[in-house]
Amino acid sequence: MRPMDKHLDWSGTKEIKKARKEIEALYAWWQEFKRTLHEKSYTFKEDNDNYQMENKMLKRLVDVRMFLWT
């Protein structure tokens with residue numbers, strides 16, 4: 001059982017199922033991003049690209065924030 005499964009019934013509406021998929025995708029992205037972030041040094045362009053990607057992912061997170069609190 002995943003930690004998310006302990007707090008909310010994710011088998012409900014289409015909206016809840018969609019939010020769960022989005023949260024899982026964001027979590028997977030963050031885990032990969034965090035791992036690669038520490039493996040190499042970045043150029044200014046790569047730092048800017050990372051900044052843009054982080055902003056994009058944070059905006060996605062804001063869209064599902066109501067499903068993060070139980």
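The first residue in the sequence is number 1, and the count goes up from there.
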Engineer: Return the minimal non-hydrogen interatomic distance between Met53 and Trp29, and the atom names on each side.
Structural biologist: CG-CZ2, 3.7 Å

Engineer: With a 4.5 Å heavy-atom cut-off, do Arg65 and Leu61 have their side chains touching?
Structural biologist: no

Engineer: What distance do Ile16 atom CD1 and Lys21 atom NZ have between them, rounded to the nearest 0.5 Å?
Structural biologist: 14.0 Å

Engineer: Should the heavy atoms of other residues, nucleotides or ligands under 6.0 Å from OH of Tyr27 be counted, would the total exceed 12?
Structural biologist: no

Engineer: Could you state whether Val62 and Val64 fall into the same hydrophobic cluster, counting links through intermediate Ile, Leu, Val, Met, Phe, Trp or Tyr residues with side-chain heavy atoms under 4.5 angstrom apart?
Structural biologist: no

Engineer: Is any side-chain heavy atom of Gln52 less than 4.5 Å from a side-chain heavy atom of Lys56?
Structural biologist: no

Engineer: Going from CG on Leu26 to CG on Leu68, what distance comes out if it is rounded to the nearest 0.5 angstrom?
Structural biologist: 9.0 Å

Engineer: Can you find a pair of side-chain heavy atoms, one from Met57 and one from Trp30, that are under 4.5 Å apart?
Structural biologist: no

Engineer: Quick one, Glu22 and Phe67 - any side-chain contact, counting heavy atoms below 4.5 Å?
Structural biologist: no

Engineer: Supply the atom-to-atom distance Asn55 CG to Asn50 CG, rounded to the nearest 0.5 angstrom.
Structural biologist: 11.0 Å

Engineer: Around Glu15, counting heavy atoms of other residues, nucleotides and ligands shown, do more than 12 lie under 6.0 Å from its CD?
Structural biologist: no

